[in-house]
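Worksheet: the structure to be examined is printed underneath.
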Amino acid sequence: MTTARGGLRGWFAGRGKALSGLRFTSLRLRLVVVFALVALTAAVSASGIAYWLNREAVLTRTQDAVLRDFQQEMRNRAGTLPVHPTQDQLQRTAGQMANSSQRFSVLLVAEDANGRAVYGNSGGLSGFALEDVPPSLRTAVNKAQPVDSSNKSPYHLYWQRVTEHGTPYLVAGTRIIGGGPTGYLLKSLEPEAKDLNSLAWSLGVATALALVGAALLAQAAATTVLKPVHRLGIAARRLGEGRLDTRLRVSGTDELADLSRTFNNAAEALEKRVADMAARDEASRRFVADMSHEMRTPLTAITAVTEVLEEELEFEGGGFDPMIEPAVRLVVSETRRLNDLVENLMEVTRFDAGTARLVLDDVDIADQITACIDARAWLDAVELDAERGLHARIDPRRLDVILANLIGNALKHGGSPVRVSVREEGGETPESAQMVIRVRDHGPGIPEDVLPHVFDRFYKASASRPRSEGSGLGLSIALNNAHIHGGDITAANSPEGGAVFTLRLPRDASALTEEPPEADGDGDGSGSGSGGRARNGGADEGSKGGAR
């Protein structure tokens, strides 16, 4: 049974490969079929015409020779008989007539002196009989035609072709003018039929050979025509894979050569355009990165000064004039916002350049969320529904950035309490299991026309609110951090009210990365993560804030 099953599996596999090859060469197959049909039509038409012409020629030639000989024998032999011959005379004359060069059977019919019908047969009692003559032919032979200027004889020679037991015969008859016997002949056309059958077989073989030749010619033509098309398809696939230096070898001056030149010109133009766009994109990213790096040094000094000013503001009797105290607070707030913006721009630049890397560690998801909430003093405003012991191998710093953005946005733009729940969704294998973290608020929700744009950079739901306290990059950075783990974030409105952000991360992100690299000297992180001070919220709420 195993052998039989393996044989069937092999047979089906072979059939599948054959059908796949047939589909792959469908254009080739169509060319072969068209060539074969044209050749078959031409060969069948030519063979049919040739067979019909030869058949008519052979039969007409044989028929004319037999009828001419029979007519001459009727004049020379039957015409010498008396008007009322005896049966012996008819029998002898019929035998003499049958010995002519054409070798046909003869039947002579007459009336004797007593008015009785007598017969003379060249083949004896078992030979050609009157019953073998079609009635219509007998009627035509014995019917006298009116004699006039256009018809000088009352009786004529009539003939007919019949088939008996698969053998064709020529039957003819006439009678002697002025009185005398009526003569009939029976000539077998079997030799001519065999010759025509041989001719038909020859034409059939010639048609089959023409069909095979047409198929071979179509195959050669298809190979010649489709080879450049096949090369063009391979070049197009390479071009689609990003190998923009792909070019076709051009030879000849036909339409396929023009197509190859057009493809090369298009590929060259595409390569140039992509190179220009890449150069501009690289220059833009480099400009943002350089600008961010250049701004970090003065911002560090300014931040240190603002922290001193902030501490003075918090100290009772800081000595600030009440008139300038609001300005000092504004400087402190805007400096902090500018610092977050620069850090976020540097993080976005890393994602765009593809240099962002994961530093993986085994973390307890519940502990990680608790630490994120505690570091930002959100314990009283956030409800956590997470079982301890759910571990995942992820980048804890980037998870902190994601959670800080999602929870911070929910607190700022939603409504308390904010509920964070953690569930595990199992896959077919442990490696495919996912951690699902949902952050739900109790606010008015997100407008339906805004939902598709909540993760866009710098998106503002209303033009009347072009400025928000955040940088407008927080949710975008959170989404990029989820993607680099092989996960995703989705936004929706809960049926019970409020917005729900769902974060899905694999239990083990190491399958998506190579060896974990060491952390960057620059920190390779977002300033909106846990690096901020607790009172700052630690999250950039600009994206969601603009969207809701």
Side-chain angles (χ1 to χ4, degrees), residues 340 344 347-348 351 363 365-386 390 392 394-423 434-446 450-457 459 461 468-485 487-494 497-505 525-532 534 536-548:
D340 290 343
N344 286 339
E347 182 75 352
V348 168
F351 283 121
V363 298
I365 300 298
D367 290 344
Q368 184 71 19
I369 298 176
T370 302
C372 174
I373 296 173
D374 183 54
R376 293 161 179 83
W378 291 339
L379 289 175
D380 295 336
V382 178
E383 297 178 356
L384 178 60
D385 179 14
L390 294 178
I394 55 178
D395 188 328
R397 182 184 59 79
R398 294 188 181 278
L399 177 60
D400 183 80
V401 172
I402 298 173
L403 295 172
N405 277 286
L406 297 182
I407 300 174
N409 276 278
L411 289 172
K412 183 174 180 61
H413 303 287
S416 297
V418 172
R419 182 178 179 83
V420 181
S421 61
V422 181
R423 295 290 182 272
Q434 287 185 330
M435 302 300 300
V436 180
I437 303 174
R438 289 185 174 88
V439 179
R440 178 193 169 193
D441 60 48
H442 289 76
I446 305 174
V450 175
L451 272 176
H453 306 286
V454 294
F455 295 103
D456 294 351
R457 297 175 183 176
Y459 178 75
S468 63
E469 294 183 5
S471 66
L473 296 172
L475 288 180
S476 175
I477 292 175
L479 182 62
N480 283 326
N481 278 312
H483 286 170
I484 200 173
H485 280 88
D488 195 15
I489 304 177
T490 57
N493 288 316
S494 173
V500 179
F501 283 80
T502 303
L503 168 65
R504 297 179 183 273
L505 294 177
S526 170
S528 57
S530 59
N536 295 341
D540 175 62
E541 298 111 2
S543 290
K544 188 177 176 185
R548 298 176 61 180

Can you give me the closest heavy-atom contact between A482 and L503, atom names plus distance? CB-CD1, 3.8 Å

Might you point out which heavy atoms bring I365 and A392 nearest each other, and give the distance in Å? CD1-CB, 3.9 Å

Atom pair CG/CZ of L403 and R398 - distance to nearest 0.5 Å: 14.0 Å

Under the side chain to side chain contact (heavy atoms under 4.5 Å, CB included) criterion, do N481 and D395 qualify, and how do the steps go? CA-CA 9 Å; N481 278 312; D395 188 328; over 6 Å; no

Can you tell if the side chain of L479 reaches within under 4.5 Å of the side chain of L475, non-hydrogen atoms only? no

Nearest heavy atoms of E383 and P417, plus distance in Å: OE2-CG, 3.6 Å

Could you give the distance from NE2 (H485) to CG (L399), rounded to the nearest 0.5 Å? 7.0 Å

Please check this pair: side chain of D441 against backbone of A499, looking for a donor-acceptor N/O pair closer than 3.5 Å. yes

Taking side chain as C-beta onward, heavy atoms only, is L390 less than 4.5 Å from R423? no

Let me confirm one number: the NE2-CZ distance from H442 to R419, rounded to the nearest 0.5 Å. 8.5 Å

With a 4.0 Å cut-off, would you call R376 and D400 a salt bridge? yes

Between V363 and P396, what is the shortest heavy-atom contact and its length? CG1-CB, 3.8 Å

Check whether any side-chain heavy atom of I402 sits under 4.5 Å from a side-chain heavy atom of F501, and report yes or no. no

Heavy-atom pair with the smallest gap, counting every atom of F455 and I489: CZ-CG2, 3.5 Å

State the CD-CG distance between Q434 and L505, to the nearest 0.5 angstrom. 8.5 Å

Pairwise distance CG(L379) to OG1(T370) - rounded to 0.5 angstrom: 8.0 Å

Of L411, N409, L406, L384, which meets side chain to side chain contact (heavy atoms under 4.5 Å, CB included) against V418? L411

Derivation of the side chain to side chain contact (heavy atoms under 4.5 Å, CB included) call for I369 and V382: CA-CA 10 Å; I369 298 176; V382 178; over 6 Å; no

Taking all atoms of both residues into account, what is the closest heavy-atom pair of G497 and R440, and its distance? O-NH2, 3.3 Å

